[in-house]
Amino acid sequence: MINIAVLGYGTVGSGVVEVITTNKESIAKRIGDDINIKYVLDLREFPNSPIENILVHDFDTIVNDEEVDIVVEAMGGTNPAYSFAKASLEHGKSYCTSNKELVAKYGPELLKLSEKMNKNFLFEASVGGGIPIIRPLNQSLTADEIMEITGILNGTTNYIMTKMSKEGLDFDTVLKEAQELGYAERNPEADVEGYDACRKIAILTSLAYGQHVDYEDIYTEGITKITDIDFKYAAKLGKVIKLFGKSRRAGDKFFAMVAPFMIDDNNPLYSVNGVLNGILVKGNVLGDVMFYGSGAGKLPTASAVVSDVVDAAKHKNTHIMQIWSSKKLELSDIADAKSRFFVRISGSADMKMEEIADHFGDVKPVSVDGVTGEFAFVTQVMSEAEFEKAAEATEGIITRIRME
Ligand code: HSE
């Protein structure tokens, strides 16, 4: 019998209980042993619920119970999750978590501790919700040097951008709708400012290169400045706008950023819509491989957590190697990163094209019916530094979006 304890009975924690209850027999077959939820920890009471008799309020009950093999955490945040993770591993229990803040910040330390204890620290659900991406990076894409990872890593913002793109709605209207539907948090800052995607690309990049990427080093831009007018121009150009978490290796340099990008249908991520996530990985021998599916939500996220539980149960006394050292991966300044830029500028093309050409070189002007007092242009490929220099010298720039 494998005994587990679930920390947090919110959306994901209750999903874990539901998945294990629903698929108990098939999960037991895969593990080769029965699985039992011995405890659920939460500060709240849940009278008349299926967990009423296994609910505890004190973590010590769990950590001091030698029968508990695996601790599942679905609380989020680093406090008290970090001390719970450490204590669980120190007491010889594997720890499975959906908590990206915990993983992005303490991943290497907790992995090292799990190795020392010959247990496992697993976090499939921390990136891409139900999409398998952590295990494939660790166990499948091992013949390749990873050259590039590009992901739509946040379901909330992808829902907002898809609605804006397809229905011509403005940001505030769609955000309000996303909150009413329960996709976006009441405080949506972590999603719309790109912080959530930033932690996720930090985790993926750390695993891809085996060294720790500090998420605070990643240039991060959210979607709050994207307007319905940007989508009108994008449609004219045959493009959509997506929030990407991206990292790339160029020789011995590593770049990472989170920002909105304009893409067309040559990019496989073009059709990743709504709350779905997509992650495109480029290997030096494999080429492109894409992972696509439900990036958020109760049961998809719980499915990924329970897949970790199965892995931990199958490797009860074996540490599964994941290479993520605490040595920091130095990211290059994005000033050297190159792309084309879509730029909106006030005024008329007749008056301004000469000045624009002086600063930006050869550009392609764009206008859309019904948008007056401004126009847009698309630059050639240029570095961030070159773009900033040209933009500073040019009057009236309204916005710019990177373009693939
Ligand atoms: N807020 C996150 C999202 C939840 O919208 O993708 C999943 O990590």
Side-chain angles (χ1 to χ4, degrees), residues 8 10-16 19 72-78 81 96-105 107 122-135 137 149-165 171 174-207 215 218 220-224 226 241-246 258-260 269 272-280 291-308:
T11 307
V12 178
S14 61
V16 167
V19 169
V72 171
E73 180 252 313
M75 300 185 305
T78 54
C96 304
T97 181
S98 58
N99 183 339
K100 62 222 148 205
E101 291 94 353
L102 177 74
V103 178
K105 193 153 186 198
L122 301 173
F123 43 89
E124 182 58 72
S126 65
V127 181
I131 305 172
I133 179 63
I134 304 291
R135 206 164 283 113
L137 272 180
I149 301 174
T150 307
I152 294 174
L153 299 168
N154 183 269
T156 304
T157 48
N158 204 40
Y159 174 83
I160 293 172
M161 307 278 264
T162 304
K163 273 264 177 187
M164 287 176 79
S165 177
F171 177 80
V174 185
L175 175 60
K176 200 159 163 271
E177 196 183 308
Q179 282 170 322
E180 278 161 13
L181 286 167
Y183 293 145
E185 307 284 338
R186 217 164 272 281
N187 178 359
E189 195 187 14
D191 293 318
V192 297
E193 295 294 355
Y195 306 149
D196 176 80
C198 172
R199 278 155 183 78
K200 290 169 175 169
I201 195 68
I203 294 169
L204 296 182
T205 310
S206 299
L207 289 173
Y215 63 82
I218 298 177
T220 299
E221 210 179 286
I223 63 161
T224 51
I226 303 289
I241 309 168
K242 297 286 184 192
L243 182 69
F244 278 172
K246 272 175 96 69
V258 174
L269 294 166
V272 176
N273 286 323
V275 287
L276 292 165
N277 283 191
I279 303 153
L280 185 65
F291 301 85
Y292 169 75
S294 298
K298 176 175 169 166
L299 293 180
T301 309
S303 159
V305 176
V306 176
S307 78
D308 281 345

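Basis for what follows: all heavy atoms, side chains included, without hydrogens, waters or symmetry-related copies. When a ligand or atom number is given, it counts from 1 through the structure's own listing order.
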- Would you please test Val103 and Thr97 for side chain to side chain contact (heavy atoms under 4.5 Å, CB included) and show each step? CA-CA 8 Å; Val103 178; Thr97 181; 3.9 Å; yes
- Message: I'd like to know whether Val305 forms a side chain to side chain contact (heavy atoms under 4.5 Å, CB included) with Glu124, so could you lay out the CA-CA distance, the side-chain angles of the two residues, the decisive distance to 0.1 Å, and finally the verdict.
- Response: CA-CA 6 Å; Val305 176; Glu124 182 58 72; over 6 Å; no
- Message: Please evaluate residues Phe244 and Ile152 with respect to the criterion side chain to side chain contact (heavy atoms under 4.5 Å, CB included), reporting the C-alpha separation (whole Å), side-chain torsions for both, the decisive distance (0.1 Å), and the verdict.
- Response: CA-CA 5 Å; Phe244 278 172; Ile152 294 174; 3.8 Å; yes
- Message: Determine whether Asp308 and Ile134 satisfy the following criterion, side chain to side chain contact (heavy atoms under 4.5 Å, CB included), listing intermediate values before the conclusion.
- Response: CA-CA 10 Å; Asp308 281 345; Ile134 304 291; over 6 Å; no
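Heavy atoms of Gly129 stay at 4.0 angstrom or farther from ligand 1.
Between the side chains of Arg135 and Ser307, a donor-acceptor pair is found at a separation under 3.5 Å.
Of all atoms in ligand 1, listed by their number and element, those nearer than 4.0 Å to a heavy atom of Thr156 are 1 (N), 3 (C), 5 (O). Shown in contact with Gly155 at under 4.0 Å from a heavy atom are these atoms of ligand 1, numbered in order with element: 3 (C), 5 (O), 6 (O). Close approach to Asp191 involves these atoms of ligand 1, each under 4.0 Å from a residue heavy atom: 1 (N), 2 (C), 3 (C), 5 (O). Set against the non-hydrogen atoms of Gly295, the atoms of ligand 1 under 4.0 Å away are 7 (C).
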